[in-house]
Amino acid sequence: MTWLLLSIVIAATVASDLLQSYEMKRIGAARVNLLNTKLILSIACLAVSFFSFMALVQVAPLSFAVPASAGSFIVETILAKLILKERIGLRRGAGSLVVLAGIVLLAR
């Protein structure tokens, strides 16, 4: 159950952040419309992430849940490059690898 909840937290967080970033780049902060479908979906994903995280800390120690949920940084970095066409420099890539190494150590 722990890994399922962690996967939901990471997937929902990534979806929320990608939707927000995509839409803000598309329309700009000055023209934000609260009825925008992508922004509403982003808020819904954020709610799923929040409630999943609450469930996660009920079944797993906080010292595991918080660092393990940082897996969203790695997935977001990869998807920012692939979907949003962002430039990921050497330092950002190395930082993501350090986070990944920490998660691997934590999981063992």
Side-chain angles (χ1 to χ4, degrees):
M1 185 64 153
T2 300
W3 291 103
L4 174 64
L5 287 170
L6 180 61
S7 298
I8 293 169
V9 169
I10 291 172
T13 301
V14 168
S16 175
D17 290 345
L18 283 176
L19 286 166
Q20 280 180 34
S21 182
Y22 174 81
E23 203 58 16
M24 295 307 285
K25 288 176 182 176
R26 190 179 75 77
I27 63 173
R31 297 183 6 194
V32 171
N33 179 357
L34 294 180
L35 298 177
N36 184 301
T37 306
K38 287 186 178 67
L39 292 180
I40 291 171
L41 186 57
S42 172
I43 293 168
C45 289
L46 201 54
V48 168
S49 173
F50 174 75
F51 289 112
S52 298
F53 185 78
M54 286 179 54
L56 178 62
V57 296
Q58 289 177 351
V59 298
L62 187 64
S63 60
F64 167 81
V66 172
S69 65
S72 64
F73 299 145
I74 297 148
V75 177
E76 285 176 356
T77 301
I78 293 167
L79 293 179
K81 173 78 172 164
L82 297 175
I83 295 173
L84 301 176
K85 307 297 184 208
E86 292 183 2
R87 184 181 168 278
I88 307 300
L90 187 60
R91 286 185 2 184
R92 284 187 197 165
S96 292
L97 290 176
V98 169
V99 171
L100 178 61
I103 293 170
V104 169
L105 287 173
L106 184 69
R108 293 186 175 232

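Just so you know, these numbers use all the heavy atoms, side chains as well, and skip hydrogens, waters and symmetry mates. Residue indices begin at 1 and follow the sequence shown.
Grouping the Ile, Leu, Val, Met, Phe, Trp and Tyr side chains by contacts below 4.5 angstrom, directly or via other members, places Trp3 with Val57. Phe50 and Val48 end up in different hydrophobic clusters when Ile, Leu, Val, Met, Phe, Trp and Tyr side chains are linked at under 4.5 Å. The hydrophobic cluster containing Val59 also contains Leu62, counting ILVMFWY residues as joined when their side-chain heavy atoms lie under 4.5 angstrom apart, directly or transitively. Transitive grouping of hydrophobic side chains (ILVMFWY, heavy atoms separated by less than 4.5 Å) brings Leu106 and Ile8 into a common cluster.
The CG atom of Leu46 sits 10.5 Å away from the CZ atom of Phe51 when rounded to the nearest 0.5 Å. Between Lys81 atom NZ and Arg87 atom CZ the span is 8.0 Å, to the nearest 0.5 Å. Once rounded to the nearest 0.5 Å, the distance linking CG of Leu79 with CD of Glu86 reads 10.5 Å. The CD1 atom of Ile103 sits 6.5 Å away from atom CD1 of Ile10, with the distance rounded to the nearest 0.5 Å. Between the CD1 atom in Ile74 and the CD1 atom in Ile78 there is a gap of 7.5 Å [rounded to 0.5 Å]. Separation of atoms CE (Met1) and CD (Gln58) is listed at 10.0 Å; rounding is to 0.5 Å.
When all heavy atoms are compared, the tightest approach of Leu84 to Ser21 is CD1-OG, 3.6 Å. Here the shortest heavy-atom pairing between Ala65 and Leu56 reads CB-CD2, 3.7 Å. Between Glu76 and Thr13, the closest heavy-atom pair is OE2-O, 3.5 Å. In terms of heavy atoms, Arg92 sits closest to Ile88 at CB-CG2, 3.9 Å. In plain terms, the two heavy atoms of Thr77 and Ser96 that are nearest each other are OG1-OG, 3.2 Å. The two residues Leu18 and Ala80 have their closest heavy-atom pair at CD2-N, 4.4 Å.
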Could you walk me through whether Tyr22 and Ile83 pass side chain to side chain contact (heavy atoms under 4.5 Å, CB included), step by step?
-> CA-CA 9 Å; Tyr22 174 81; Ile83 295 173; 5.8 Å; no
Working for side chain to side chain contact (heavy atoms under 4.5 Å, CB included), residues Leu39 and Leu19 | CA-CA 7 Å; Leu39 292 180; Leu19 286 166; over 6 Å; no
Apply the test side chain to side chain contact (heavy atoms under 4.5 Å, CB included) to residues Leu5 and Phe53: give CA-CA distance (whole Å), side-chain angles for both, the deciding distance (0.1 Å), then the verdict.
-> CA-CA 7 Å; Leu5 287 170; Phe53 185 78; over 6 Å; no
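When the shell of 6.0 Å around CZ of Phe73 is examined, it contains 12 or fewer heavy atoms from other residues, nucleotides or ligands.
Partners of Val104 by side chain to side chain contact (heavy atoms under 4.5 Å, CB included), not counting sequence neighbours, listed by chain and number: Leu100, Arg108.
When atom types are taken as modelled, the side chain of Ser69 and the backbone of Val66 share a donor-acceptor pair closer than 3.5 angstrom.
Here the rule is side-chain contact (heavy atoms from CB on, under 4.5 Å) with Ser16, and of Ser42, Ser72, Ser49 only Ser42 fits it.
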